[in-house]
Amino acid sequence: MNPLHDTLQNTLQVIDNLVWGPPLLILLVGTGLYLTIRLGFIQIRYLPLALSYVFSSKHRTKGDGDVSSFAALCTALSATIGTGNIVGVATAIKMGGPGALFWMWLAALFGMATKYAECLLAVKYREQDANGQMIGGPMYYLEKGVGSKTLAKLFAFFALGVACFGIGTFPQANAIVDAAYLSFEVPKEYTIVILTLLVATVTLGGIKSIASVASKIVPVMAGFYILACLLVLTTQMHALPEAVALVISSAFTGHAAAGGFTGAGIMLAIQSGIARGVFSNESGLGSAPIAAAAAKTDSCVRQGLTSMTGTFFDTIIICTMTGLTLIVTGAWQSEYAGAAMTTYAFAAGLDSAYWGPLMVSIGLMFFAFTTIIGWNYYGERCITYLFGVKAILPYKIVFLVLVASGAFLKLDMIWLIADIVNGLMAVPNLIGLVLLRGVVISESNIYFEQLKVLTAKKTQHAL
């Protein structure tokens, strides 16, 4: 054992527990709950409309912007659908029991309102950079809307930390090289060289290149993973009702130790579910608004509706699929953790020691790769805000170096660092959402009143 390593890890764990303690969780869920109520449960009432915006081509190229509204959503999804959907869900259930999945759902439900608000504000306060590209996100609505450059710079600094030392590099690179080695016996050195070259090829082209790749890969990879989960759930259909009942009951009672599971109380289920859920869908962190600001749209509300579906797809659908797969196969009670637990679940569910793990590895590699390119863009926009467009190329070079080094770091330290900078990033963004709640509500009321009038006219004309 390395005493220095143990001391550093323990210190990081203490910081992580402080950052992700009750105050931040209450702020995250509380902001989403407040917006949900004030906006009249917008994520439920207008989800069909939001989904129609996602899948209807007529809304994708209207207005100013660099990429289509759909491509902006895919860019945001490329950053959110990642290892959190495979590793994060397994970690949450391992720590908090099946009840953690319920709290993931609840956090995602309120998180949809948060995502709507932050992406609405991103489009409302966006501007053009020196290269003529749209740029926006929390740093701009904190400066221009709230009037606080301090909060804006804090957000940009922490978000840059997430891009370089958190979600954007180390966990994803580590996951890819491990998956390639375990499934295909590809040496880590080869994988990291190929990965770095691929990331460079995509990201050096900027938002249009990233969005183009994301809009092609994200729907395919999400569909592939959902299909794989459905195959497992179909084979274990008899256990599905009991699994859902266990998720709900454990959310309010905790769960006793069983098998390789050490047991969990209600508070641990809540904390694990919310923290891992936020890590996965990033609602409230302020990352998705950076991509939303690049969308071609003439309505900040329409983009907010489009963007909030990202949390629905990420957590309500994909994380649920992973969670139920872990529960129906009994993998959550095994001695495994993280990606190994999900791999075990697929192997058991498909009764195949080859195809099950292969599906997880392929899903993990694609999820992790798109997360890297999505977070590269987020970091680029933050570095541009802090230092101007001249800093973009040096940033991209440093980012590629960090991706290349991510394969050789210990995973336990990586997750702690990622968790800490994630939490710190959320704080200024949530403060901004609370202070700008009036703007969100006002813009929403105007849009939906106009929509109501337009719908009435169409109905009258049809008659």
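Minimum heavy-atom separation, L326 to T342: CD2-CA, 3.7 Å. Closest approach of T91 and G338 over heavy atoms only: OG1-CA, 4.3 Å. Counting all heavy atoms, side chain and backbone alike, K396 lies closest to T203 at NZ-O, 2.6 Å. When all heavy atoms are compared, the tightest approach of A222 to F367 is N-CE1, 4.4 Å. The minimum heavy-atom distance between T75 and Y378, with the atom names listed, is O-OH, 4.2 Å. Taking both residues in full, the closest heavy atoms of R381 and D129 are given as NH1-OD2, 3.1 Å, listed atom of the first, atom of the second, then distance.
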If you apply the rule side-chain hydrogen bond (donor to acceptor under 3.5 Å, both in side chains), what do you find for T36 with Q43, and how did you get there? CA-CA 8 Å; T36 294; Q43 66 271 57; 2.9 Å; yes
Check against salt bridge (Lys or Arg N to Asp or Glu O under 4.0 Å), E282 and K115: CA-CA 8 Å; E282 298 177 13; K115 185 72 70 77; over 6 Å; no
Would you please test D314 and S280 for side-chain hydrogen bond (donor to acceptor under 3.5 Å, both in side chains) and show each step? CA-CA 7 Å; D314 178 273; S280 177; 2.6 Å; yes
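Using modelled atom types and a 3.5 Å distance limit, the side chains of E143 and Y125 yield no donor-acceptor pair. Side-chain N/O atoms of T311 and S283 include a donor and acceptor closer than 3.5 Å. Using modelled atom types, one finds a donor on one side chain and an acceptor on the other under 3.5 Å when comparing S183 with S361. Side-chain contact annotation: S444 with Y116, donor-acceptor N/O pair under 3.5 Å present. W105 and T320 form a side-chain donor-acceptor contact under 3.5 Å, judged by distance and modelled atom types alone. Between the side chains of R38 and Y34, at least one donor N or O sits under 3.5 Å from an acceptor N or O. No side-chain donor-acceptor contact under 3.5 Å links N85 and T322.
Between L18 and I15 the shortest side-chain heavy-atom distance does not fall below 4.5 Å. Between Y141 and P289 the shortest side-chain heavy-atom distance falls below 4.5 Å. The closest side-chain heavy-atom distance from I135 to Y140 is below 4.5 Å. In this structure the side chain of T370 never reaches within 4.5 angstrom of the side chain of I81, judged on heavy atoms. The side-chain heavy atoms of S78 and W375, taken from C-beta on, include no pair separated by under 4.5 Å. Residues L120 and S307 fail the side-chain proximity criterion, which asks for heavy atoms closer than 4.5 Å.
Taking the six-membered ring for Trp and the full ring otherwise, Y336 and Y344 have centroids separated by under 6.0 Å. A distance below 6.0 Å separates the ring centres of W103 and F252.
In this structure, CE in M321 is found 8.0 Å from OG1 in T325, a value given to the nearest 0.5 Å. With rounding to the nearest 0.5 angstrom, the CE atom of M365 is 11.0 Å from the CG atom of D178. The structure places CD1 of I431 at 9.5 Å from OG1 of T31, a figure rounded to the nearest 0.5 Å. Note: I441 CD1 to I42 CD1 = 10.5 Å, rounded to the nearest 0.5 Å.
In this structure, Y53 and Y447 have perpendicular ring planes: the angle between them is above 60°, well past the 30° mark. Note on ring orientation: taking the six-membered ring where Trp is involved, the planes of Y395 and F399 are tilted (angle from 30° to 60°). Using the six-membered ring where Trp is involved, F448 and Y46 have ring planes that are parallel, under 30° apart on the 30 and 60° scheme.
Scored by the salt bridge (charged side-chain N to carboxylate O under 4.0 Å, His left out) test, K153 finds no partners at all (sequence neighbours excluded).
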